[in-house]
Amino acid sequence: MEETTKDLEGVVFSHEEVADGFRFLQIRIDGHLPCARPGQFVQIRPSRTTTTPFLRMPLSVSHVDRVGSTFGVLYDVVGPKTRALSDMNEGDRIDCLGPLGNPFPDVPDDARPVLVGGGIGVPPLLHLGTHLRSTGMDPILIVGARTAGKHLPLELLSPASEHVRLATDDGSLGHHGFVTDLLAQALKEEDKPVVYTCGPHPMMAAVASATESADVRCYSSLEEYMACGFGVCVGCVVERRTQANSPYDQFTRVCVDGPVYDATEIVW
Amino acid sequence: MEETTKDLEGVVFSHEEVADGFRFLQIRIDGHLPCARPGQFVQIRPSRTTTTPFLRMPLSVSHVDRVGSTFGVLYDVVGPKTRALSDMNEGDRIDCLGPLGNPFPDVPDDARPVLVGGGIGVPPLLHLGTHLRSTGMDPILIVGARTAGKHLPLELLSPASEHVRLATDDGSLGHHGFVTDLLAQALKEEDKPVVYTCGPHPMMAAVASATESADVRCYSSLEEYMACGFGVCVGCVVERRTQANSPYDQFTRVCVDGPVYDATEIVW
Amino acid sequence: MSDAQQVDLSTRVAGIDLANPVLLASGTCGYGEELEPFLRLAEVGGIITKTITPEPRSGNRPPRIVETPSGMLNAIGLQNPGLEGFVEHKWPFLSTLETKVIVNIAAPTVEQHGEMTARIDALGGVAGIEVNISCPNIREGGVLFGCNPRASADVISTVRRHTKLPVIAKLTPNVTDITEIARSVVDAGADAVSLINTLVGMAVDIEARRPILGNVTGGLSGPAIKPVALAMLWKVRQAVDVPLLGLGGISSTQDALEFLITGASAIQVGTATFVKPGAAADIVAGLGDYCRKAGIARLDDLVGSLKS
Amino acid sequence: MSDAQQVDLSTRVAGIDLANPVLLASGTCGYGEELEPFLRLAEVGGIITKTITPEPRSGNRPPRIVETPSGMLNAIGLQNPGLEGFVEHKWPFLSTLETKVIVNIAAPTVEQHGEMTARIDALGGVAGIEVNISCPNIREGGVLFGCNPRASADVISTVRRHTKLPVIAKLTPNVTDITEIARSVVDAGADAVSLINTLVGMAVDIEARRPILGNVTGGLSGPAIKPVALAMLWKVRQAVDVPLLGLGGISSTQDALEFLITGASAIQVGTATFVKPGAAADIVAGLGDYCRKAGIARLDDLVGSLKS
Ligand SMILES: Cc1cc2nc3c(=O)[nH]c(=O)nc-3n(C[C@H](O)[C@H](O)[C@H](O)COP(=O)(O)OP(=O)(O)OC[C@H]3O[C@@H](n4cnc5c(N)ncnc54)[C@H](O)[C@@H]3O)c2cc1C
Ligand SMILES: Cc1cc2nc3c(=O)[nH]c(=O)nc-3n(C[C@H](O)[C@H](O)[C@H](O)COP(=O)(O)OP(=O)(O)OC[C@H]3O[C@@H](n4cnc5c(N)ncnc54)[C@H](O)[C@@H]3O)c2cc1C
Ligand SMILES: Cc1cc2nc3c(=O)[nH]c(=O)nc-3n(C[C@H](O)[C@H](O)[C@H](O)COP(=O)(O)O)c2cc1C
Ligand SMILES: Cc1cc2nc3c(=O)[nH]c(=O)nc-3n(C[C@H](O)[C@H](O)[C@H](O)COP(=O)(O)O)c2cc1C
Ligand code: FES
Ligand code: FES
């Protein structure tokens, strides 16, 4: 990707399974430096695609390697689109539209970033954590998964944080329970935390409510079904909490108005 | 394939380009000996297929290797289905329904088989020629193509005949002109020829008319759009020449009533 | 599988006892014989014959089929041996099957539907009659009846008068308000309603600049039309009280479940059989698995379980 | 490319001079601004705005979209800034474009269509008005007009009375006889007819046993519906004499050609833009190539060239 948003054809640079079902895909687009910022996403699909699967799939950019001139996505194989993606081999061509959406806002200088991710919500936080560390910050990364095998390996998590805290629903790794338990602890420990979160809806709703009660700022990156990904279909909406003056503004488009929102803006 | 017609999953055993666009695909079905007879076909598609392409594609069985327990098809990449097929790699799984249709009838003992093929009609004739030679016959094989590059290589043609005669529309290889010219010559030379033909409709119509005038028996293997391939959709019909007593019999299903017909039965 | 986990897929639809709710749709399984090598017909709930008409029909000129995105168009034009041809050549095989056989009929006039019905009723052993008032590929009858509530009712009440067998009306989606047609056939005595038949469609050969199909237009079927079929099922479910047989693009267990949950008492597998002759049997197995996993003991607990 | 080979893709449709016959369909290109980074709007023949209504609308509850085989369902529900919001926030950008801008409108009452038309006419610079009497996702207006020939005619004649701009009626495929609606809108003064809008469809979440869309049903679009759109175009082509704007599943040059050959004077690219934002521009280029190869000098020689 160049410095502006474009629709370009890339090539699969590497592709491997990194956890149970989770795959890491690196893409290179000739002549274009990757430029996605943390929180931004791409709309991708194999270039040689039929009409089923039909639409592209939005995936957060998890890695940007400006030296190798590649960018990476991490995805879980959950349905037809991700299954088709998982069939791609090195050298195969892939349509990439992006970078799309708004990045996570900057962290105030004196604040401690606390990143809370679950499932397919972890990838954008890896990008964010790595970026924050490169600016001298020291983020905490809290990650939840159903079970140990679904956790990304530490070599993928650790570049994003020196303080990785894991939870599993079944207790097979790390804290037995939800990320919100670990979040509550972190909020107690930290003087001036700012929370960044992405994950399944119930998790993000719980994080939003915990941070609101604690009066801590929380930025949530939402994942909604998307058709276009660039604002024209008005399909990817969520409801705004603060009623605007026009009914036109009741729903906000996650792809162009988000995907990152202040958690208090949204009806969870 | 076993001795009866079945729907089974096979595996790509080998797959290579053998002429311009033409590919040779060998399939093995574990635990099943291939049993297609010359003229029979299979309905195949990659096992991991979406709904586009949707229907299977009928391909004539061009090779049967009972020792290696594989069967082969030869196809030209002309559209979405054959393109999807061409993406298959060794070890990929492929749904195979067959063998379907009726084989070419036997050659009378004292007759000389003359096989006339064009384009994607050549594969079933290779199977037929190889079979006839294994029974001690000495078939003549006449093959037409648009241009030299579209001709199958001799190592594929020669097992089917020691007398391969080539024609190209553009004169780039063999006889400059149509297979019917070469057929006319063969009919003149031979005492008691029987013609077996498969190819584009205009070619087969010309062959049918030439053999009919010469009062030579001709078996034509037809290729029509198919949905099911086993007789239930009534989609693959051609018109019968001899009007039957019931309108129900005006059209005949190529998949189960054919694909091989006495050329005089059909309205060309 | 322990007995405790056994799921009862049997169901009674419009007075027909089915071993399971998966039927083969008319026109996609012939008269059974060609399919038997690939699919043990005893494994499906029932088979609905290719439409028969009073007289034999040659059908339309080829090409009759063309593939489209996630579907296909057909313009067969009801090639069939006619009523007597059916009785003589097709029924003997069908009558030996250990599955329910529903005979699908169409006729150019209202009266002929009655005559056909009487003859089929007299065969003995037929499980029910499905009336095709929805074929888009013929010039008389078919969809011309099915697009008009009055004409639809006339056909169905005529069939009704000629038999005590269950009568199933098969509806076309090519109408402004399918609930109107559904209501009128139910009022006319239909015991059940099948929906949907194919959508009218067309394809063009851009090189020859001609319609691909010999009949210019054809009927669209396959996965492409599944959303349309489901929406119509959902609407008709709220409009009438008889059992509904859902079809249109069902290829997988997941598809079948969408229809059952939306309110189909049974489903029909059509075009999918062309792609995978064993599709219907696979769906029967898949329904059992789903019910076991979801803790559903009887099919009836699933049918129409859609929350709103 | 030498000048001798130059193909003239320009065309005049219902009095609108188009640089080429490829338009962006309503609701799939917003109000242009978000698309401009991916598609130079000056390259397409025209852009048709997302439907605007008299008052701002919030649209339906999410989920609003779901993918289906070779297509998608949407139940946006005409979220839009309303007429005044459009004039204030969207028109300033649109009015600077070097392509034709057609404004698409819908309203709950017949009269309001007239008021909207007058206001849009007064903007100056609008190329035409497309009237959406075919939206399946709203409770008042939309398809309720479009399914009824009388109501359709009332809306169109009201719009007609309020402007000298070209008036285009956009028809729904969810009717028994689209030619009847087409005739009545033409009689009421429509200069052109666009067809088709989406087919009503539905999808079910089998785990939650709920409809996937917040609005239960939605509109089916994409390649899946192309055969239906072509058949309707072919029928309407024989029924009325005004130019037709064809759409429904057009994703490629090949698709566009099918519509042009069948008789569309121009085509619209809808859902395809979501998958490939530059699709419309690719089609413009592809049409040029096809005409060059086929030896067609002017677009008009292609339109309606279907042999029978
Ligand atoms: C901005 C954004 C960023 C994303 N980033 C990532 C990422 O980095 N890694 C990753 O693995 N996935 C990510 N996703 C989700 C990803 O797009 C979907 O998992 C993918 O499109 C699923 O397609 P499918 O055909 O494989 O499965 P489907 O059959 O479409 O879905 C499988 C299951 O996932 C659910 N689902 C699918 N899409 C969504 C969605 N958008 N919102 C909520 N539920 C959904 C479905 O309900 C279903 O249960 C992101 C989504 C968005 C909107
Ligand atoms: C009994 C039988 C045996 C066959 N054997 C072979 C074989 O051995 N090798 C081989 O390469 N092909 C064979 N074919 C043809 C093969 O099935 C088609 O080429 C293939 O299905 C094309 O699919 P596609 O999606 O790639 O192309 P499509 O887009 O479907 O077609 C590409 C072009 O081929 C034409 N075409 C496609 N199918 C047919 C057909 N059935 N009849 C006439 N024209 C058609 C189309 O009109 C179009 O111009 C056979 C067909 C039949 C019916
Ligand atoms: C090739 C073909 C032939 C058909 N013939 C008939 C028929 O004779 N009678 C009938 O009622 N329906 C007929 N149908 C319609 C199907 O029964 C079914 O209603 C329709 O195809 C939609 O279901 P599907 O998408 O599962 O195929 C036919 C469909 C196809 C594809
Ligand atoms: C997300 C979405 C929103 C749409 N919104 C509108 C609309 O506001 N007004 C309208 O007239 N048509 C609307 N349509 C219909 C399209 O303009 C078009 O008629 C239809 O999608 C069929 O064409 P396609 O298959 O090329 O998309 C919408 C379609 C989609 C997919
Ligand atoms: S996905 Fe189309 S507006 Fe967001
Ligand atoms: S392909 Fe179905 S009957 Fe021949």
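In the text below, chain A, chain B and the rest are named by the order of the sequence lines, each starting its count at 1.
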Chemist: Take a 6.0 Å sphere around NZ of C:Lys293 and say whether it holds more than 12 heavy atoms from other residues, nucleotides or ligands.
Modeler: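 No - once you tally the heavy atoms of other residues, nucleotides and ligands closer than 6.0 Å, there are 12 at most.
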Chemist: Of the backbone (N, CA, C, O) and the side chain (C-beta and beyond), which part of C:Ile261 lies under 4.5 Å from a heavy atom of chain D, both, or neither?
Modeler: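 Side chain only.
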Chemist: Chain D: which of C:Leu230, C:Val228, C:Leu306 shares the most heavy-atom pairs with it under 4.5 Å?
Modeler: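 Winner by heavy-atom pair count: C:Leu306.
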Chemist: Pick whichever of D:Leu73, D:Val216, D:Thr262, D:Thr68 has the most heavy-atom pairs under 4.5 Å with chain C.
Modeler: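 The answer is D:Val216.
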Chemist: Shorter than 4.5 Å, heavy atoms on both sides: which option in D:Leu199, D:Leu260, D:Leu220 has the most such pairs with chain C?
Modeler: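 Among D:Leu199, D:Leu260, D:Leu220, the one with the most close pairs to chain C is D:Leu220.
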Chemist: Roughly how far apart are D:Ile225 CD1 and D:Met232 CE, rounded to 0.5 Å?
Modeler: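 One finds 10.0 Å between CD1 of D:Ile225 and CE of D:Met232.
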Chemist: If you compare all heavy atoms of C:Gly45 against all heavy atoms of C:Leu23, which two are closest, and at what distance to 0.1 Å?
Modeler: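 Shortest heavy-atom contact: C-CD2, 3.6 Å.
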Chemist: If you count heavy-atom pairs under 4.5 Å with chain C, which of D:Thr172, D:Val200, D:Thr217, D:Ile178 comes out on top?
Modeler: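 Ranked by heavy-atom pairs under 4.5 Å with chain C, first place is D:Val200.
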Chemist: Of the listed residues (D:Ala229, D:Gly71, D:Gly201, D:Gly249), which shares the most heavy-atom pairs with chain C below a 4.5 Å separation?
Modeler: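 Going by pairs under 4.5 Å, I would pick D:Gly201.
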Chemist: Which one, C:Pro173, C:Ala231, C:Ser308, C:Ala208, leads in non-hydrogen pairs under 4.5 Å with chain D?
Modeler: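 The answer is C:Ala231.
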Chemist: Return the CD1 to CG distance between D:Ile156 and D:Asp187, rounded to the nearest 0.5 Å.
Modeler: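 Between atom CD1 of D:Ile156 and atom CG of D:Asp187 there are 12.0 Å.
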Chemist: If I take atom CG from residue C:Leu257 and atom CG from residue D:Asp205, how far apart are they, to the nearest 0.5 angstrom?
Modeler: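 Result: 11.5 Å between the selected atoms.
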Chemist: Which heavy atom of D:Ser152 sits nearest a heavy atom of D:Gly146, and at what distance?
Modeler: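 Between these two residues, the closest heavy atoms are OG-CA, 3.5 Å.
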Chemist: Taking side chain as everything from C-beta outward and backbone as N, CA, C, O, which of these in C:Tyr290 sits under 4.5 Å from a heavy atom of chain D? Side chain, backbone, both or neither.
Modeler: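 It is the side chain, since no backbone atom gets that close.
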